Amino acid sequence: MSEFEKELEKSKSHDRVFPNYYHEKILIKLFKDWQPPKPLVVVPQIIADWIELIKQRNRNVLALLDSDDMPCDVYDWLFIQEDDENIKLILLAWVKGYTVEKEHKFSLVNKITGEYLVLPAIEYRIKNENIFDHSAHFKKDDLPEWKPEMYQFTEVEIASMETGSYEQIEVEP
């Protein structure tokens with residue numbers, strides 16, 4: 001007897017007045033091998049974006065692993081590792097679906113002044129090019145609430161910056 005059948009057996013009604021009682025054996029046959037769905041693969045946002053881009057181009061699964069315009073971040077996630085676990089993950093995500101990993105975001109606070117690092121608007125527009133040469137600093141009460149992306153950074157972004165005199169403060173999602 002399967003786990004599902006055992007659970008169903010425990011919960012069945014022994015009252016013969018209910019008509020559903022007579023259909024229970026049919027239900028057991030129908031759902032005898034039923035298993036709850038397995039959770040979807042969890043991938044970073046950059047991988048989810050890559051999968052969707054390849055699908056939009058109507059390309060096949062091979063393009064996930066072998067494309068001339070693969071972003072460096074995707075290439076590193078797939079191939080710069082000791083094993084092939086990430087390759088297995090992206091292939092499973094393609095076939096079975098995926099959910100996107102929640103990225104941890106951080107604000108950078110100057111240890112000396114207590115001011116937050118904020119990207120100026122021009123730099124915000126080219127942020128994806130990893131150009132972090134110019135910056136501004138604001139007190140917490142003066143931060144531009146309408147554009148949190150200007151002062152909230154991912155670990156990957158922080159790694160590309162010189163942040164020696166800054167403390168990382170995790171931002172609540």
Side-chain angles (χ1 to χ4, degrees), residues 3 35-173:
E3 289 298 316
Q35 295 293 321
K38 293 182 180 174
L40 296 175
V41 175
V42 179
V43 297
Q45 183 65 53
I46 57 166
I47 301 304
D49 294 343
W50 180 242
I51 291 170
E52 292 309 312
L53 180 66
I54 297 299
K55 285 182 178 183
Q56 285 173 359
R57 293 177 179 171
N58 293 320
R59 306 278 306 277
N60 63 22
V61 70
L62 180 60
L64 282 175
L65 304 175
D66 185 27
S67 184
D68 293 336
D69 61 343
M70 181 185 291
C72 292
D73 294 355
V74 174
Y75 180 87
D76 290 348
W77 186 84
L78 284 169
F79 301 114
I80 309 299
Q81 57 183 338
E82 292 181 16
D83 56 24
D84 59 356
E85 284 304 307
N86 287 350
I87 294 170
K88 290 177 186 174
L89 280 177
I90 198 170
L91 294 174
L92 278 171
W94 177 274
V95 173
K96 297 190 176 205
Y98 60 88
T99 58
V100 178
E101 175 180 77
K102 291 189 185 255
E103 278 189 312
H104 293 280
K105 295 261 186 169
F106 299 88
S107 290
L108 294 172
V109 181
N110 188 300
K111 293 175 186 174
I112 298 167
T113 66
E115 292 181 322
Y116 284 69
L117 178 66
V118 178
L119 298 176
I122 185 90
E123 187 176 340
Y124 170 70
R125 279 188 244 122
I126 58 176
K127 184 175 172 182
N128 290 333
E129 300 297 321
N130 292 331
I131 300 171
F132 292 100
D133 294 337
H134 307 289
S135 60
H137 295 83
F138 288 88
K139 294 285 184 192
K140 186 172 185 163
D141 294 339
D142 299 329
L143 290 173
E145 291 180 25
W146 49 274
K147 281 286 188 200
E149 305 87 37
M150 294 177 73
Y151 58 89
Q152 294 178 1
F153 309 97
T154 64
E155 291 178 281
V156 171
E157 292 168 335
I158 292 171
S160 70
M161 305 161 82
E162 292 182 26
T163 59
S165 63
Y166 290 91
E167 179 183 353
Q168 291 182 22
I169 310 279
E170 188 166 2
V171 177
E172 296 287 325

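Here the structure is a predicted model, which means the values were calculated and not measured.
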Separation between CD1 (I46) and OH (Y75), nearest 0.5 Å, reads 14.0 Å
Quick one: pull up OH in Y166 and CD in E115 and give me the separation to the nearest 0.5 Å. 8.5 Å
Side-chain heavy-atom pair V43, I90 within 4.5 angstrom cut-off: no
Minimum-distance pair of heavy atoms, taken over all atoms of L64 and W50: O-NE1, 3.1 Å
So which heavy atom on E52 is nearest to which on Y98, and how close? OE2-OH, 2.5 Å
Residues, nucleotides or ligands: over 12 heavy atoms within 6.0 Å of K55 NZ: yes
Check the surroundings of atom CZ in F79: do more than 12 heavy atoms from other residues, nucleotides or ligands lie under 6.0 Å from it? yes
By side-chain contact (heavy atoms from CB on, under 4.5 Å), I112 pairs with (sequence neighbours left out) N110
For V41 and L92, which heavy atoms make the closest approach, and how far apart are they? CG2-CB, 3.6 Å
Please give me the minimum heavy-atom distance between H104 and E170, naming the atom from each residue. ND1-OE2, 2.6 Å
What's the spacing between D69 CG and L53 CG if we round to 0.5 Å? 6.5 Å
Report the residue from C72, P44, P71 that forms a side chain to side chain contact (heavy atoms under 4.5 Å, CB included) with W77. P44
Closest non-hydrogen atom pair between S107 and V171, with its separation: OG-CG2, 3.5 Å
Could you give the distance from CG (D83) to NZ (K88), rounded to the nearest 0.5 Å? 7.5 Å
Do L78 and M70 touch side chain to side chain, with heavy atoms closer than 4.5 Å? yes
Taking the side chain as every heavy atom from C-beta outward, state whether D49 and V74 have any pair of such atoms under 4.5 Å apart. no
Applying side-chain hydrogen bond (donor to acceptor under 3.5 Å, both in side chains), name anything that partners Q81, two or more places apart in sequence or on another chain. N86
Counting C-beta onward and ignoring hydrogens, is there a side-chain heavy-atom pair between E167 and L108 closer than 4.5 Å? no
